[in-house]
Amino acid sequence: MLGTKGEFCGEEVIAEFERLTRDAATVQRETLRRILHENAAVEYLQRVGLAGRTDPDAFRACVPLATHDDLEPYIRRIADGDSSPVLTAKPITSISLSSGTTQGKRKYLPFNDELFKLTMHVYRTSFAFRNRAFPVDDDGKALQFVYGSQQFTTKGGLTATTATTNLYRNEEYKAATRDMQLPCCSPDEVIFGPDFAESLYCHLLCGLLSAGEVRTVFSMFGHNLVLALETFERVWEELCGDIRRGAPSPTRVTDPAVRRAVSALLAAPNPKLADEVARKCSRLSSSNWHGVIPALWPNAKYVHTIVTGSMEHYVKKLRHYAGGLPLVAMDYGASEGMIGANVEPEIPPESATFTVLPNIAYFEFIPVKSSDGADTSYAEAEPVGLTEVTVGEHYEVVMTTFAGLYRYRMGDVVKVVGFYHSTPKLKFVCRGKLMLSINIDKNTEQDVQLAIDSTANKILAAESLEVLEYTSHADLSSNPGHYVVFWELNADANDDVLQSCCDELDRSFVDAGYVSSRKARAIGPLELRVLKPGTFQKVLKRSLSLGAPVNQFKLPRCMARSNTNVLQILCGNAMKVFFSTAYE
Ligand code: AMP
């Protein structure tokens, strides 16, 4: 979608999006036909007896719904070097590793050139809408808190790394994004540096050096941006010292390649800039860093990051840092493939929706709840097509992709909130597997977030207390089992306040299954564990030390039992413990 002079032509991209979404049903049929035609001879489709048919009816009749566990043996064979057409006719060029934050284990997923092109297509689409709403000059820079992830070579010789690193590594990435992404303030050496803390420090330093040129501030997940700004609060004096001296701190920046790249940018002592930053920071620190982003980067137009789902907790903090700058919700996708673009960037994060692009994959949706809120049998409900979904209903997303996933259950639950022409607009609800459930109760990550919000508004706000981080767990080690909420607060709270919080959390789970089980004592009193400051930092560090990519880190708001390492850290760092008296 380049204009005549080779530049990005947003209106053409938008016109194509309009055309694709007007008759999404036809585009979906054609997308399925293309996927099945191209891959007619692959082992997986041969085995299920599709015999070259490409219509939706035959597809649904022959191909079973699949989870990652079902596909794992096939993906494993590809990773181990089987070059026969196992899942796709065209080669799988690398393996994407999921974050592993859901179940404590990283999933292997196939990645190929088609997936790269389609991801770029989604990025281009959302950029066209974003740039129409918030135009930025071409000569600026982007302050991006992005981090390349470690990679390794599988037995069969494929590179395995995160999906985002697979994108960055693609030879065409720079060319594909040149017209829709401003150059990053930091050099590649910083992005791909070996140490996360060092790269973060350098991103801040490079951002300050380009202060006037920064037009956008970005991180993949909102958590990373909060982490970056919290770090800034602690290290700004050191950063000013580096700028004043014209050399990066010898203790903070130690990797030779990173030092060389950053030293080249610093070049000479700049006491004028150091004084200016220090003056601003002294003022900002006395207002608890409110509006730090526009104060330091006065020409930034917006902040762009994932602020939905488990990231919604950070919206308040990000708004605080962003002052009046708009927070623009980033698109919805996964290592498996992209799902929807944010084409209404002006909408606040709490109401952000993702419009499904009907040409990027074949989508089905398994109904999760009936409209009166009562659960239908989840596994037995028949999936419906992209254009057959109903506004107001919840669904699990199922994808068939150009990279060899067939009727693959994503595990994510979304709510259909409307249509863009004939394609649905989705609100991300939660990761379906992450749930608190002991008996007949079911509470999702979103329900836990609502309970935390309600307690924060009713009790903590009056005490000037804030929940910095939280998660929860269904503890079945005692009988009856009970919910445990772990949280870290910004300051000490007295025991009466914390007891009231514990009771309020228990009352805030309004799911009928929970309430009746609590009344019947089939679920025990909710337990609140107040954690020592820095506990969630330990969780992050532990995940990073096991190779989890910082770009993708999303703390599960419901901790699965399989996440034993994280649960050990949480349980080992409780300062105070309360049990609810709400149902006594
Ligand atoms: P990963 O497989 O590690 O790439 O993580 C992908 C998962 O992150 C998705 O399946 C979602 O659960 C979550 N996710 C991705 N994009 C968003 C978004 N915009 N809002 C909320 N959650 C998201």
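In each ligand, atom 1 is the first atom listed, and ligand 1 is the first ligand listed. Reckoned from all heavy atoms, side chains included, excluding hydrogens, waters and symmetry mates. All residue numbers in this chain count up from 1 along the given sequence. Just so you know, these numbers come straight off a predicted model, no measurement behind them.
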Numbering the atoms of ligand 1 from 1, which are under 4.0 Å from a heavy atom of [X]?
X	value
Ser98	2 (O), 3 (O)
Met330	19 (N)
Phe428	11 (C), 12 (O), 21 (C), 22 (N)
Asp412	9 (C), 10 (O), 11 (C), 12 (O)

Would [X] and [Y] pass as an ion pair if we require N to O under 4.0 Å?
X	Y	result
Lys117	Glu172	no
Lys425	Glu344	yes
Glu469	Lys538	no

TODO: Would you name the heavy atoms of Arg561 and Leu476 that are closest together and state the gap between them?
DONE: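 For Arg561 and Leu476, the tightest heavy-atom pair comes out as NH1-CD1, 3.2 Å.
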Task: Validation row, ring centre Phe196 to ring centre Tyr147 under 6.0 Å - done: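 Close enough - the centres of the two rings lie under 6.0 Å apart.
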Have a look at ligand 1 and work out which part of [X], if any, has a heavy atom under 4.0 Å from it: side chain, backbone, both or neither.
X	answer
Tyr332	both
Thr308	both
Lys107	neither

TODO: Give yes if a backbone or side-chain nitrogen or oxygen of Arg431 is under 3.5 Å from a nitrogen or oxygen of ligand 1, and no if not.
DONE: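 No; every N/O pair is 3.5 Å or more apart.
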Compute the minimum heavy-atom distance from [X] to ligand 1 and say whether it is under 4.0 Å.
X	answer
Gly333	yes
Asp331	yes
Lys554	yes

Task: Of Leu36, Leu87, Ile35, the residue whose pairing with Leu45 passes side chain to side chain contact (heavy atoms under 4.5 Å, CB included) - done: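 Going through Leu36, Leu87, Ile35 one by one, the side chain to side chain contact (heavy atoms under 4.5 Å, CB included) with Leu45 is satisfied by Leu36 alone.
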Task: Spatial distance of atom CG (Asn170) from atom CE (Met120) [nearest 0.5 Å] - done: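 These two atoms lie 7.5 Å from each other.
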TODO: Report the member of Ala329, Gly309, Ser96, Ser335 with the shortest heavy-atom distance to atom 2 (O) of ligand 1.
DONE: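 Ranked by closest heavy atom to atom 2 (O) of ligand 1, first place is Ser335.
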- [ ] Just say parallel, tilted or perpendicular for the rings of Phe59 and Tyr362, cut-offs at 30° and 60°.
- [x]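 Answer is perpendicular, since the angle exceeds 60°.
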